[in-house]
Each structure stands twice: as structure tokens, then as C-alpha cells.
There are 2 protein chains.
Amino acid sequence: MGGMTLTQSSPVSTDRLDACVAAPRLHPRPHGEDRYTISEVAAFTGLTAHTLRWYERIGLMPHVDRSHTGQRRFSNQDLDWLAFVGKLRLTGMPVADMVRYAELIRVGEETFEERQELLARTRRDVLNRIAELQDTVAVLDHKISFYADARKASERA
Amino acid sequence: MGGMTLTQSSPVSTDRLDACVAAPRLHPRPHGEDRYTISEVAAFTGLTAHTLRWYERIGLMPHVDRSHTGQRRFSNQDLDWLAFVGKLRLTGMPVADMVRYAELIRVGEETFEERQELLARTRRDVLNRIAELQDTVAVLDHKISFYADARKASERA
DNA sequence: CGCTTGCTTCGAGTGCACTCGAAGGATCTA
DNA sequence: TAGATCCTTCGAGTGCACTCGAAGCAAGCG
């Protein structure tokens with residue numbers, strides 16, 4: 001697990017309104033020089049070249065640019081997208097759902113509503129997940145303090 | 001996924017101090033009648049009988065009682081344990097780590113410290129996970145409001 | 001010029017956590 | 001006493017998300 005240093009992701013592909021806004025040095029190279037090779041992207045994201053090609057194959061990358069000879073050239077937007085995918089992965093969202101979202105982006109602006117709904121559903125799921133985890137922390141705290149008390153008691157003995 | 005209705009879990013096995021305390025009706029049957037068959041437990045937890053036996057096989061169940069003829073009879077404590085395991089599973093903790101914890105319980109009270117440490121580590125991990133998820137929610141909010149704005153704008157047009 | 005990196009396609013392997021089925025027998029319940 | 005439920009052991013299958021290797025060839029770079 002190498003990195004995924006990139007964090008702030010802006011809406012991708014069809015919505016490039018804030019592509020360069022409020023992002024001082026989030027990308028390895030500035031707009032204009034953002035034509036990364038696959039191994040560069042692998043280094044930045046911690047994903048392998050194999051996995052990056054696989055993402056593209058299954059439709060999880062909304063179209064990566066190519067050099068005149070057919071080599072992949074990833075852009076800052078692609079990096080943003082990958083960072084976003086990384087976040088979604090952390091939520092446990094199945095890859096199939098991410099692919100769905102990527103498809104909607106490929107289709108165009110008429111899918112804004114559906115995209116919003118998908119993200120809203122995801123958001124709801126993530127909040128539920130957070131609640132579950134907080135619940136778990138409570139249980140853990142309970143048990144941890146039990147052990148703390150027990151050990152204090154045995155010291156006193 | 002059937003259920004796992006049980007939620008509050010009390011320290012299990014070696015620490016039965018609060019076994020019946022502050023738990024008015026958390027268990028299907030009261031203390032004394034808590035000798036559940038495997039299919040009952042399967043119904044309560046949503047796990048299959050296969051999975052319950054598998055948990056035992058790999059050491060994830062600290063010793064289930066048996067009837068005089070060798071059939072499993074689960075106790076309320078076993079149910080608590082299963083509920084706890086369910087919570088840990090939600091955190092993404094690998095089964096091997098849970099087995100480790102179960103082993104420590106089997107060994108006895110001299111492992112209190114190690115158990116406490118293990119739980120503390122887990123707690124830390126869960127808190128990190130929560131932070132990541134909150135981060136993700138922020139990204140999601142960002143994108144959702146982008147789509148909301150975009151759709152409002154297109155309505156105005 | 002040679003080495004590294006990249007491309008494609010194909011297919012197999014990995015790790016995790018189940019999940020299921022079957023054989024062959026014992027026990028429980030109505 | 002019949003049919004449901006339980007036991008054991010064994011081994012295979014599933015789904016997900018990679019992960020890797022190899023073949024065979026094109027391109028980049030020092």
C-alpha cells in the first residue's frame with residue numbers, strides 16, 4: 001500500500017467547473033503537464049499497473065487518454081477520479097456500483113439526477129456504517145474499561 | 001441476512017460479573033432456560049448452522065456446551081459472544097484476530113492485559129475508519145450539492 | 001543499440017469468509 | 001415409529017477484488 005496522497009476530489013469529466021479551483025498543489029504536476037504514464041500513476045496511487053488496466057477494462061475509468069502511439073496518458077482529472085474511487089472503496093461500495101456511476105458519467109448530463117440519487121444513497125449507507133462503528137466503539141470501551149478495572153483490582157490484591 | 005437482533009454484549013466467558021445486569025430482555029430466553037439448539041441460534045443470529053459449526057471449528061467460539069448426547073446447547077453468553085463477533089466483523093477485523101482474542105479468553109485471566117491491548121488497538125482502528133468515512137461523507141456532500149446546483153441551474157434555464 | 005516500459009490478450013492464482021452438499025449415522029419430537 | 005433435526009468429516013464451490021505471469025510485439029530513452 002503505497003500512497004493515494006491525493007485527497008480532495010472535484011467532480012469529474014462532465015463537470016469541470018472547479019477543476020483547478022481551491023486545489024493549490026494536490027496534483028504531482030500542474031494543469032498542462034498532466035500526462036502521466038501508467039507507472040507514474042501506479043506510484044502515486046499505490047495501485048498496480050495491472051489493476052489500473054483492469055479498472056479501465058471493467059469500465060471503472062471514464063476513458064483514459066492515449067499518446068499518438070497508444071500508450072495511456074493519465075490526467076489530473078483521472079487522478080481525482082482514482083482518489084474518489086479509493087474513497088468509495090473504503091466505504092465498502094461494491095465495484096459494480098462504482099462502475100454504474102462511471103457509466104452515468106459517460107452517458108452525459110442527462111444523468112445528473114440519477115447520479116445525485118446514487119451518491120445520496122451511498123451517503124446514507126456511509127452514515128449508517130459510521131453509526132454502526134460508533135456503536136462498536138461503545139462496546140469496545142465497555143470491555144476495555146472492564147479489563148482496566150479488573151487489572152486495577154488484581155494489583156490491589 | 002436475517003437478524004442479529006441482539007446488541008448489548010457483556011464481557012464473555014471469564015468475566016461474568018455483569019452477565020445478568022442491565023439486560024432486561026435482550027435474550028430470547030432468561031438465564032436458566034438458555035440452552036438453544038443450533039437452529040435456534042441460526043434463526044436469532046442470521047448465521048447458518050454451517051457457519052456456526054465452522055466458527056467453532058476454527059476456534060472462534062469459546063467452547064459451546066453440549067447435551068448429554070453430544071448436541072450443541074448454546075447459552076445466552078454464547079449469544080452475547082456472537083453479537084460481539086458480529087460487531088467486530090462490521091469493523092472489518094479479520095477472523096484470525098478474533099480467533100486470537102477467543103484464544104486469550106480460553107487461556108484465562110492472565111491474558112487480561114493482552115486482551116485489553118488487542119481491544120485498544122481495535123478501537124484505534126475503528127476510530128480511524130470512522131474518520132475516513134466522515135471524510136468520504138464530506139466528498140459525497142460536495143458532489144451531491146454540485147449536482148443539486150447544476151439541476152437547479154438547468155431548471156432556471 | 002539495448003534496456004526498460006508499454007501495449008494486448010489470455011488465463012490462472014490468491015485470500016478471505018463463508019457456503020454448500022453429501023455420506024452415514026445418532027437423537028428428538030409428535 | 002416416522003420424519004425432522006442433529007452430529008461428524010470431507011471436500012468442493014462461491015463471490016469479490018484483485019494479482020500475477022506469460023507470450024509476443026511496439027515504443028521510448030540514455
Side-chain angles (χ1 to χ4, degrees), chain A residues 1-4 33 35-61 63-75 78 81-82 84-102 122 125 129, chain B residues 1-4 33 35-61 63-75 78 81-82 84-102 122 125 129:
Chain A
M1 290 292 127
M4 190 60 81
E33 272 97 276
R35 292 178 62 73
Y36 310 98
T37 66
I38 197 164
S39 61
E40 284 172 328
V41 175
F44 295 141
T45 61
L47 303 168
T48 68
H50 260 304
T51 300
L52 288 168
R53 292 195 199 99
W54 178 69
Y55 274 10
E56 199 181 341
R57 242 191 353 268
I58 65 174
L60 190 45
M61 278 305 296
H63 227 294
V64 178
D65 201 22
R66 299 295 182 118
S67 75
H68 64 109
T69 52
Q71 296 199 348
R72 287 175 186 80
R73 293 295 178 250
F74 292 80
S75 67
D78 294 331
W81 172 252
L82 252 7
F84 181 52
V85 164
K87 289 231 165 279
L88 291 184
R89 235 173 4 129
L90 287 178
T91 72
M93 182 192 264
V95 164
D97 293 4
M98 302 187 221
V99 170
R100 174 86 187 120
Y101 184 67
T122 303
D125 293 349
R129 195 138 184 61
Chain B
M1 289 296 124
M4 190 59 82
E33 272 97 277
R35 293 178 63 74
Y36 310 99
T37 66
I38 198 165
S39 59
E40 283 172 328
V41 175
F44 295 141
T45 61
L47 302 169
T48 67
H50 260 306
T51 301
L52 288 167
R53 291 194 200 101
W54 179 69
Y55 274 10
E56 199 182 340
R57 237 186 3 261
I58 65 174
L60 189 46
M61 277 307 296
H63 229 296
V64 178
D65 201 21
R66 300 294 182 118
S67 75
H68 65 109
T69 52
Q71 298 201 346
R72 286 173 185 81
R73 294 294 178 250
F74 293 81
S75 67
D78 294 330
W81 172 253
L82 252 7
F84 181 52
V85 164
K87 291 231 163 280
L88 292 184
R89 235 176 1 133
L90 288 178
T91 72
M93 181 192 264
V95 166
D97 293 6
M98 300 187 224
V99 170
R100 173 85 187 119
Y101 184 69
T122 304
D125 293 349
R129 191 135 189 66

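Per chain, numbering begins at 1; letters A, B, ... match sequence-line order.
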Completion exercise
In whole angstroms, the gap separating P of D:dG11 from NE2 of B:His50 amounts to 15 Å

Practice task
Identify the heavy atoms of A:Arg73 and A:Arg35 that sit nearest to each other, and give their distance.
Solution key: CG-NH2, 3.3 Å

Completion exercise
Rounded to the nearest 0.5 angstrom, the CH2-OH distance for A:Trp81 and A:Tyr101 is 6.0 Å

Practice task
Would you tell me if any nitrogen or oxygen in the side chain of A:Thr48 comes within less than 4.0 Å of OP1 or OP2 on D:dC18?
Solution key: no

Completion exercise
The reported gap from CZ in B:Arg66 to CZ in B:Arg72 (rounded to nearest 0.5 angstrom) is 4.0 Å

Handout entry: Nucleotide D:dC16, atom C1' - distance to CE of A:Met93 in whole Å
Key = 16 Å

Problem - Length of the line joining B:Met61:CE and C:dA17:P, which is rounded to integer Å - result: 17 Å

Handout entry: Estimated bend of the helix from C:dC1-D:dG30 to C:dA30-D:dT1 (axis per five terminal pairs, rounded to 10 degrees)
Key = 20°

Practice task
Have a look at A:Arg72 and say if it touches a base, only the backbone sugar-phosphate, or nothing, with a 4.0 Å heavy-atom cut-off.
Solution key: sugar-phosphate

Practice task
Would you indicate, yes or no, if D:dC18 has its OP1 or OP2 atom less than 4.0 angstrom from a side-chain nitrogen or oxygen of A:Arg89?
Solution key: yes

Problem - Short side-chain donor-acceptor distance under 3.5 Å, B:Thr122 and B:Asp125 - result: no

Exercise for the section: Could you tell me the separation between the OH atom of A:Tyr55 and the NE2 atom of A:His50, rounded to the nearest 0.5 Å? Expected result: 14.5 Å

Problem - Interatomic distance, B:Ile38 CD1 vs C:dC28 P [rounded to whole Å] - result: 15 Å

Practice task
Starting at CZ of A:Arg53, measure out to CD1 of A:Ile58 and round the result to the nearest 0.5 Å.
Solution key: 14.5 Å

Exercise for the section: Respond yes when some side-chain nitrogen or oxygen of A:His68 is under 4.0 Å from OP1 or OP2 of D:dG28, and no when none is. Expected result: yes

Handout entry: Atom-to-atom span, CG of B:Leu47 to P of C:dA17 - whole angstrom
Key = 14 Å

Practice task
Examine D:dC18: is either OP1 or OP2 under 4.0 Å from a nitrogen or oxygen in the side chain of A:Tyr55? Give yes or no.
Solution key: yes

Practice task
Determine: side-chain N/O of B:Thr37 to OP1/OP2 of D:dC6, distance under 4.0 Å, yes or no.
Solution key: yes

Completion exercise
On DNA chain C, more 5' by nearest nucleotide between B:Met98 and B:Thr69 is B:Met98

Fill in the blank from the handout: Taking D:dT8, D:dC6, C:dC18 as options, the one with an atom nearest any side-chain atom of B:Trp54 is C:dC18

Exercise for the section: Please name the pair of heavy atoms, one in B:Val99 and one in B:Gly59, separated by the smallest distance, quoted to 0.1 Å. Expected result: CG1-O, 4.0 Å

Handout entry: Spatial distance of atom CG (B:Asp65) from atom CG (B:Asp78) [nearest 0.5 Å]
Key = 8.0 Å

Practice task
Take B:Pro94 and A:Ala49, find for each the nucleotide of DNA chain C with the closest heavy atom, and name the residue whose nucleotide sits nearer the 5' end.
Solution key: A:Ala49

Practice task
Could you tell me whether A:Arg73 contacts a base, only the sugar-phosphate backbone, or nothing, with contacts defined as non-hydrogen atoms closer than 4.0 Å?
Solution key: nothing

Completion exercise
To the nearest angstrom, the CG-C1' distance between B:Leu82 and C:dA17 comes to 15 Å

Exercise for the section: Choose from D:dA27, D:dC6, C:dC18 the nucleotide whose nearest atom is closest to any side-chain atom of B:Gln71. Expected result: D:dC6

Practice task
Have a look at A:Ser67 and say if it touches a base, only the backbone sugar-phosphate, or nothing, with a 4.0 Å heavy-atom cut-off.
Solution key: nothing

Problem - Interatomic distance where CZ belongs to B:Arg57 and P belongs to C:dA17 [whole Å] - result: 15 Å

Exercise for the section: Measure the distance from CG on A:Leu52 to P on C:dT5 and round it to the nearest whole Å. Expected result: 16 Å

Practice task
Please check the phosphate of C:dC7 (OP1 and OP2 only) for any side-chain N or O of A:Arg53 closer than 4.0 Å.
Solution key: yes

Exercise for the section: Report yes if at least one side-chain N or O of B:Ser39 is closer than 4.0 Å to OP1 or OP2 of D:dC6; otherwise report no. Expected result: yes

